[in-house]
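Keep in mind that the numbers below use all heavy atoms, side chains included, and drop hydrogens, waters and symmetry copies. A note on names: the letters A, B, ... follow the listed sequences, proteins ahead of strands, and every chain is numbered from 1.
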There are 2 protein chains.
Amino acid sequence: MSPQPGDFTIGEAARASGVKVTTVRFYESRGLLPAPPRSEGNRRLYAQSHVDRLRFIRHARELGFALEDVATLLSLSDEPDQSCAAVDAIARAQRAEVTRRIARLEALGVELDRMIATCAGGTVGECRVIESLSDHAHCAADHPGPAPM
Amino acid sequence: MSPQPGDFTIGEAARASGVKVTTVRFYESRGLLPAPPRSEGNRRLYAQSHVDRLRFIRHARELGFALEDVATLLSLSDEPDQSCAAVDAIARAQRAEVTRRIARLEALGVELDRMIATCAGGTVGECRVIESLSDHAHCAADHPGPAPM
DNA sequence: GCTTGCTCCTACAGTGACTGTAGATGGCAT
DNA sequence: ATGCCATCTACAGTCACTGTAGGAGCAAGC
């Protein structure tokens, strides 16, 4: 297959979509982007549809969707006659996750502010920041720790 | 070294600190927790000071500090005569990071809400969620993507 | 034709902070 | 002695990439 007008090299597709070259290849390896035809010199030759798909992926990732969710959204968008209930459910789950993370971060912010406010600028020995990290009572570890994003 | 009253097995230290057994070993491998003496049967024998240190690490992690920051905070807390300016700086940087993440997540929340609100419940073909993921104009990719936590 | 310099290729290792697994011991209760 | 859980080591897997090594393609300048 020889290059046609309208084909993109991987670099061009990357620029046009805002996804890095290495990440484009990574998405192909993950099955999110179909393997495109190649030039005689073995270069990937992308069509506009690939660029559109990359843009879709990039935007979904910016919204914090996991690659697995992105894959589901892509396969749903490939079947336009299905009900969009599944799409809606994924979006709502993501919204709920964002809400949870904001609440968590705001609680952290409050605690950090308290720690910082009580620091009088002396030595580490009398530092409230260190102290409040040390002293904290053991409350059941129901936070499984930092979540992505 | 034979077990003494006040020594903890790794499982006990884990329960007492709220850190998982595997994670305790992981922290040792990362140099955050000193390697404890062993029993005749090669089991780790922790003292109260180890448990305190684990609690410190857990609390700092819950506040979103990276392990590298935790290591720094620990080494600072081991030298109580130093100025606590470095401690304060780490805490303030963490506070700033939390603020940035909240702002980012709130922007995502707004966009997700817009997407969800316009979904009329029809087919994927007419779904606004998919559409808004597809349509989005290419604005400079200045968000390097999801950050930890 | 030759060189320079960029883009592109594959394949694999590294990131952070763990989690999970396999297979071998330790040690206590029944 | 038998079962069973806790513990041991060592290593692979997670997520979403990023970085590196070692080549090859390709256009432009000389």
Partners passing salt bridge (charged side-chain N to carboxylate O under 4.0 Å, His left out) against [X] (at least two apart in sequence or in another chain):
X	result
B:R100	B:E97
B:R128	B:E131
B:D52	none
A:D88	A:R92

Checklist entry - When you check the gap from the basic side-chain N to the acidic O, do A:R43 and A:D7 get nearer than 4.0 Å? => result no
Item to check | Considering all heavy atoms, the nearest A:A91-B:V129 contact | outcome: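 Reported closest heavy-atom pair: CB-CG1, 4.3 Å.
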Taking only N and O in the side chain of [X], is any of them less than 4.0 Å away from OP1 or OP2 of [N]?
X	N	answer
A:R44	C:dC8	no
A:R38	D:dA24	no
A:K20	D:dC17	no

Checklist entry - Counting side-chain heavy atoms from C-beta on, which of C:dT10, D:dA16, C:dA17 comes nearest to A:A66? => result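 Looking only at heavy atoms from C-beta outward on A:A66, the closest nucleotide is D:dA16.
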Can you measure [X] atom [atom1] to [N] atom [atom2] for me and round it to whole angstrom units?
X	N	atom1	atom2	answer
B:L54	C:dC18	CG	P	12 Å
B:F8	D:dA6	CZ	C1'	17 Å
A:I10	C:dT10	CD1	P	8 Å
A:R61	D:dC15	CZ	C1'	9 Å
A:R15	C:dC6	CZ	C1'	11 Å
B:L67	C:dT19	CG	P	11 Å
A:R58	D:dA16	CZ	P	17 Å
A:Y46	C:dT7	OH	P	16 Å

Item to check | Stretch residues 22-32 of chain A: residues that reach within less than 4.0 Å of DNA chain D through a heavy atom | outcome: A:T23, A:F26, A:Y27
Item to check | Set of residues satisfying side-chain contact (heavy atoms from CB on, under 4.5 Å) with respect to B:Y27, sequence neighbours excluded | outcome: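 Testing B:Y27 for side-chain contact (heavy atoms from CB on, under 4.5 Å), a comparison that skips the adjacent residues, returns B:V19, B:T23, B:L32, B:L33, B:L54, B:I57, B:R61, B:L67.
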Item to check | A:S75: partners by side-chain contact (heavy atoms from CB on, under 4.5 Å), with sequence neighbours left out | outcome: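 Testing A:S75 for side-chain contact (heavy atoms from CB on, under 4.5 Å), a comparison that skips the adjacent residues, returns none.
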Item to check | Under 4.0 Å protein heavy-atom contact, by nucleotide of nucleotides 23-30 of chain C - B base, S sugar-phosphate only | outcome: --BBS---
Next on the checklist: Listing request: all salt bridge (charged side-chain N to carboxylate O under 4.0 Å, His left out) pairs with a residue in residues 17-29 of chain B, at least two apart in sequence or in separate chains.
Outcome noted: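 Found B:E28-B:R44.
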